[in-house]
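Just so you know, these numbers come straight off a predicted model, no measurement behind them.
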Amino acid sequence: MQKGTGRNLFVAATYAATLLLGLILGQNYVAQQNNNPGVSLVPIGLSDNSYKIQQVLDLLSNSYVDSIDLDSLQNGAINHIISHLDPYSTYLVPNESKNQNELLEGTFEGIGLDFFNLNDTLLVVGVVGNGPAEKAGLKVGDRIIRIDTTFVSGRNIGQKVVDRLMRGKKGSVVNIYVNRENAPSNQLFKVKRDQINVSSIDASYLLEPQIGYVKIRRFGLKTADEFKTSITELKKQGASNLILDLRDNGGGYFHIAIKIASEFFADKKLLVYTQGAHETKREYFSDGNGNFASGKLVVLVNESSASASEIVAGALQDWDRATVVGRRSYGKGIVQEQFDFLDGSRINLSISRYYTPLGRSIQRKYTANWSNMVDYVTMYRGLWALDTTYTSNQIFKTLAGRELFSGGGISPDVTINIDSNATSLLYQEILKSSYIEQFVYERFTKLLPAYSIENFLQGYRLPQQEYDTFIEYLKQRGLVISERKKRDLLKLIQSDIEAIVGRYYFGREAYFKVKNRYDNFVEVGLLLLRPAPTDAAS
């Protein structure tokens, strides 16, 4: 989780010595979080070993028997130091840093196309509305044969390679050759690349009259504005109560989490405060202009709700503003700040811990797991062991008298038990294999449906015969399912297939609309928000 948009770290030495000089001699950076530029110098004492890293690199450069890649060595040295601080501080090389920026800013330069590698053919499964690909005439169902001079059909080509071929500088042109049903083969589409905006809101719609639903994927740079737009539209449609779905939301920008939480308060409320060894206590309040300050609220969380998600859930829970439903959240209560190097690389450095309004720290315990450092390849994998048990270290009481606890994560007010079928090794293997997607795209993508999304959501159910066919499909690929497991997994796999069919025909939001029809979390939320039945008149 990033506390702000970042601070630029100016470096006056070689790249190898950047970390050493930055951490030992001091850091010059510009604080951008509040658009208030300033320079800060953090002096740290020197020792006789202060220049060891640079001396070693100089020695290797001048005396080693073979030629070596100094950049790789430098990156490795920095990564080694940062990875040993805590589980969340990370060093990102330029390409990784760029990818993180694109993810959090919700924008990249490309053509706006989603594809799936079906039997070594790139099948178009999604097109960004009004994006370059759509404007050029590409459609869902097209099969991509060639990208510029590179043939991609009949080759087991990876996602990264295709992304590299399709993405490029805004205004440049990429030639896409496709096969389309009932059309001449190898049709050429010239697509001019442009800025592609990807919303961090997965779904926003009325579940029932008066009950809205919003699912936030991550807390990116534009999420607060997107959320405000969603809330405004839902209120126009009659929503007076809301389910906010933060499941599987791993976090994002700290200041965006503050803006989202502020939307639920009509007055100034403490939302979170931070403190660290080199960071004085700082409090963050709602702005008092929340667009959804009244009406009942349910927040959905699970074990993958982390960081910024926990800030929002914790603030709403502490002030008795929402009922938290689901399973205990991840438990990440540490704030990272971005420090950018001139070459485009970055350190995400843990600088403080955050606390909920009542003073709860939800950080789970972590310890260095040195026994996992077997060799260079695996030395960072599993370095940090995170405590998976919930320890209620301290009891806190809300104004309404509810007892809440500090410890590893946000404990929900209403717990949804784990579905053992969903967590079974067999089901996870089916998901990981992508056999469900392959089955859907092989069988259900020939012709567009003759019904609307509303009719699809209300009436479409996967026939039992199709489910039986899928089980046979798995068997042909080496996954033999017993009759008992076939019955146990029926609802899960039916839901998955229906959701993917919905996404293919009607877009990303349709996927979540279909999944929510069977969702225990959502059903509990609806029960909590539905008006209480009135007694019949005697």
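The two residues S305 and L246 come nearest to each other via the heavy atoms OG-O, 2.7 Å. The two residues F456 and R517 come nearest to each other via the heavy atoms O-NH1, 3.7 Å. Of all non-hydrogen atoms in Q363 and G333, the two that sit nearest each other are OE1-N, 2.7 Å. Heavy atoms only, all atoms of each residue included: L489 and S424 are closest at CD2-OG, 4.5 Å. Scanning both residues, S495 and V514, for their nearest heavy atoms gives O-CG1, 4.2 Å. Residues P94 and D343 come closest through the heavy atom pair CG-O, 3.4 Å.
Using a 4.5 Å heavy-atom cutoff, the side chains of I256 and I260 are in contact. Side-chain contact between Y284 and I311 is absent, with no heavy-atom pair separated by less than 4.5 Å. Residues K222 and N197 meet the side-chain proximity criterion, which asks for heavy atoms closer than 4.5 Å. The side-chain heavy atoms of N249 and F219, taken from C-beta on, include a pair separated by under 4.5 Å. When side chains are defined from C-beta on, I145 does not count as touching V178, because their heavy atoms never get closer than 4.5 Å. Residues M166 and I144 have side chains in contact (heavy-atom distance under 4.5 Å, counting atoms from C-beta outward). The side-chain heavy atoms of V127 and L113, taken from C-beta on, include a pair separated by under 4.5 Å. Residues Y354 and L271 form no side-chain contact, since every pair of their non-hydrogen atoms from C-beta on lies 4.5 Å or further apart.
In this structure, I201 CD1 and R218 CZ are separated by 11.0 Å, a value rounded to the nearest 0.5 Å. To the nearest 0.5 Å, atoms CD1 (I334) and CG (D86) are separated by 5.5 Å. Rounding to the nearest 0.5 Å places CD1 of I347 at 4.0 Å from CD1 of I82. In this structure, the separation between CD on E263 and CG on L316 is 11.5 Å, given to the nearest 0.5 Å. We find the CD1-CD1 distance between I196 and I111 to be 8.0 Å, quoted to the nearest 0.5 Å. With rounding to the nearest 0.5 Å, the separation of OG1 in T223 from NZ in K228 is 13.0 Å.
One finds no salt bridge joining E310 and K332 here, because no Lys/Arg side-chain nitrogen approaches an Asp/Glu carboxylate oxygen to under 4.0 Å.
In this structure, the ring of Y441 has its center less than 6.0 angstrom from the ring center of F116. The distance between the ring centers of F444 and Y504 does not fall below 6.0 angstrom.
Side chain of T229 to main chain of D225: a donor-acceptor pair is present (N/O by atom type, distance under 3.5 Å, no hydrogens or angles). Between the side chain of R364 and the backbone N or O of Y330 there is at least one donor-acceptor pair closer than 3.5 Å. No side-chain donor-acceptor contact under 3.5 Å links E105 to the backbone of L221. Of the possible donor and acceptor atoms, one in the side chain of S89 sits under 3.5 Å from a partner among the backbone N and O of S350. Side chain of N179 to main chain of N186: a donor-acceptor pair is present (N/O by atom type, distance under 3.5 Å, no hydrogens or angles). For Q195 (side chain) and K170 (main-chain N/O), no donor-acceptor pair under 3.5 Å exists by modelled atom type. Side-chain atoms of E498 come within 3.5 Å of backbone atoms of L462 as a donor-acceptor pair (strictly under, hydrogens ignored). With hydrogens and angles ignored, the 3.5 Å screen pairs a side-chain donor or acceptor of N117 with a backbone N or O of I157. Looking at K169, its side chain never comes within 3.5 Å of a backbone N or O of R193 through a donor-acceptor pair. A donor-acceptor pair under 3.5 Å links the side-chain atoms of S329 to the main chain of I410, judged by distance alone.
By the 6.0 Å contact criterion, NZ on K513 is enclosed, its count of non-hydrogen atoms from other residues, nucleotides or ligands being greater than 12. Heavy-atom neighbours of L425 CG from other residues, nucleotides or ligands within 6.0 Å: at or below the threshold of 12.
Between the side chains of Y518 and Q494, no donor-acceptor pair of N or O atoms lies under 3.5 Å. Between the side chains of Q54 and D58, a donor-acceptor pair is found at a separation under 3.5 Å.
The list of salt bridge (charged side-chain N to carboxylate O under 4.0 Å, His left out) pairs with a residue in residues 88-102, not counting sequence neighbours, reads E102-R167. Counting only residues at least two apart or on different chains, the salt bridge (charged side-chain N to carboxylate O under 4.0 Å, His left out) pairs with a member in residues 135-150 are D142-R180. Among residues at least two apart or in separate chains, there is no salt bridge (charged side-chain N to carboxylate O under 4.0 Å, His left out) pair with a member in residues 108-121.
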Q. Where do D519 and L300 land on the side-chain contact (heavy atoms from CB on, under 4.5 Å) test, with the steps shown first?
A. CA-CA 11 Å; D519 196 300; L300 306 182; 5.5 Å; no
Q: Apply side-chain contact (heavy atoms from CB on, under 4.5 Å) to E466 and I497, showing your working.
A: CA-CA 10 Å; E466 286 293 346; I497 291 176; over 6 Å; no
Q. Is there a side-chain contact (heavy atoms from CB on, under 4.5 Å) between R346 and D340 once you walk through the steps?
A. CA-CA 4 Å; R346 163 185 297 166; D340 296 327; 2.7 Å; yes
Q) side-chain contact (heavy atoms from CB on, under 4.5 Å) between D163 and F115: does it pass, once the steps are laid out? A) CA-CA 10 Å; D163 284 345; F115 62 89; 4.1 Å; yes
Q.
side-chain hydrogen bond (donor to acceptor under 3.5 Å, both in side chains), that's the test. Do D496 and Y427 meet it? Break it down for me.
A. CA-CA 11 Å; D496 290 335; Y427 180 65; 2.4 Å; yes
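Each of F521, Y205, F512 was compared with Y213 under the ring-ring contact (aromatic ring centres under 6.0 Å, His included) criterion, and only Y205 meets it.
With sequence neighbours left out, F470 forms a ring pair (Phe, Tyr, Trp, His ring centres under 6.0 Å) with F439. In this structure D202 satisfies the salt bridge (Lys or Arg N to Asp or Glu O under 4.0 Å) test together with R217, R508, sequence neighbours excluded.
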Would you be so kind as to tabulate the donor-acceptor pairs closer than 3.5 Å made by side chains of residues 428-438, with sequence neighbours excluded?
residue: Q428; atom: NE2; partner: A422; partner atom: O; Å: 2.6
residue: S433; atom: OG; partner: E429; partner atom: O; Å: 3.4
residue: S433; atom: OG; partner: I430; partner atom: O; Å: 2.7
residue: S433; atom: OG; partner: Y435; partner atom: N; Å: 3.3

